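Inspection log for the structure reproduced underneath, given as structure tokens.
Whatever order the structure lists them in is the order used to number ligands and atoms, beginning at 1. Quantities reported herein were computed from a predicted structural model and do not represent experimental measurements. FYI, side chains are in, hydrogens and waters are out, and symmetry mates aren't considered; it's all heavy atoms of this structure.
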Amino acid sequence: MVRAIMGSIEVNLQQVSARIRAACLAAGRDERSVTLMAVSKTFPPDAVRTAHAAGQVTFGENYVQEALAKMEALVDLRPRLAWHFIGPLQSNKTRPVAEAFDWVHGIDRLKIAQRLAEQRPAWLPPLQVCLQVNVSGEASKSGVAPADVPALARDVAALPPERLRLRGLMSIPEPADDPHTQRAPHRMLRELLDALNREGRDLDTLSMGMSADLEAAIAEGATIVRVGTAIFGSR
Ligand SMILES: *Cc1c(COP(=O)(O)O)cnc(C)c1O
């Protein structure tokens with residue numbers, strides 16, 4: 001069973017890469033403008049090892065303790081991997097995240113960003129962060145409301161840039177089946193990013209799109225797609 005899963009990771013990665021390539025072609029975009037993040041939550045270190053051996057560099061994790069244990073088991077690969085924290089982050093868990101990760105995608109209040117900036121070790125490059133936006137309104141509770149994005153972006157961008165750098169926006173829209181419905185929240189996130197940049201921010205990252213909707217996300221400008229199930233199997 002385990003071997004069957006491991007054996008297919010390489011094939012799955014090729015299939016997801018082909019989907020990304022096709023979506024970029026359809027959108028008239030350079031495929032190098034989209035980074036594939038492999039979401040390895042709930043999968044063992046060996047799944048990450050297998051994906052890395054197939055060329056995968058960027059990995060996403062949701063749960064602090066699980067991620068730290070996995071990183072420990074993969075410490076030999078650390079210089080060659082980029083670890084992104086994509087789960088909800090409570091303020092009492094910021095320190096290990098600030099010390100171990102390269103990116104954090106789920107910033108939805110200033111306090112979390114302030115703590116991450118304070119706790120980021122000086123010998124590491126700045127932590128790269130995205131603000132999580134609630135693009136689905138009432139249906140979802142996590143993320144900052146679209147109307148509050150400009151103020152939070154201004155405050156986070158004012159934190160010490162050698163410790164923490166605001167790169168863009170992230171969202172987890174309500175699941176939808178048809179591509180038209182899938183695109184609407186992705187478009188909203190892109191328009192929010194465009195508005196921030198018009199106001200003088202310098203943001204280059206749209207973290208949006210998962211296994212089921214990465215094509216819709218790329219059509220609307222995603223620069224990082226976060227894919228779990230289509231690479232590692234169902235959880
Ligand atoms: C689990 C998760 C993903 C991956 O979702 P899949 O549907 O398995 O591709 C992406 N983003 C976030 C924030 C997640 O928690």
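- Contact of the His52 side chain with the Leu74 side chain is not registered, since no non-hydrogen atoms from C-beta on lie closer than 4.5 Å.
- More than 12 heavy atoms of other residues, nucleotides or ligands sit less than 6.0 Å from atom CG of Asp76.
- Distances from ligand 1 to the non-hydrogen atoms of Arg235 include at least one value under 4.0 Å.
- Each of the following atoms of ligand 1 lies closer than 4.0 Å to a heavy atom of Val227: 9 (O).
- Regarding atom 9 (O) of ligand 1, its nearest protein heavy-atom neighbour is Ser211 OG, 2.5 Å.
- Side-chain contact between Leu189 and Glu220 is absent, with no heavy atoms from C-beta onward closer than 4.5 Å.
- Taking 4.5 Å as the limit, every side-chain heavy atom of Ile218 sits out of range of all side-chain heavy atoms of Arg19.
- For atom 11 (N) of ligand 1, the closest non-hydrogen atom on the protein side is Arg226 NE, 2.9 Å.
- Against a heavy-atom cut-off of under 4.0 Å, Gly228 is close to the following atoms of ligand 1: 4 (C), 6 (P), 8 (O), 9 (O).
- Classification of Arg109 and Asp155 as a salt-bridged pair fails, no side-chain N sitting under 4.0 Å from a carboxylate O.
- Residues passing the side-chain contact (heavy atoms from CB on, under 4.5 Å) test with Ala176, sequence neighbours excluded: Thr181, Gln182.
- Ranking the protein heavy atoms by distance from atom 13 (C) of ligand 1 puts Ile172 CD1, 3.5 Å first.
- Of all the heavy atoms of Lys41, the ones lying under 4.0 Å from any atom of ligand 1 belong exclusively to the side chain.
- Residue-level proximity to ligand 1 for Thr229 is carried by backbone and side chain together, each with a heavy atom below 4.0 angstrom.
- Against a heavy-atom cut-off of under 4.0 Å, Asn62 is close to the following atoms of ligand 1: 14 (C), 15 (O).
- Classification of the Phe232-Phe59 ring pair by plane angle, with boundaries at 30° and 60°, yields tilted.
- For CG of Asp202, the number of neighbouring non-hydrogen atoms (other residues, nucleotides, ligands) closer than 6.0 Å is 12 at most.
- Of all the atoms in ligand 1, the ones that sit under 4.0 Å from a non-hydrogen atom of Ile86 are 11 (N), 12 (C), 13 (C), 14 (C).
- The single protein non-hydrogen atom nearest to atom 10 (C) of ligand 1 is Met210 SD, 3.1 Å, given as residue, atom name and distance.
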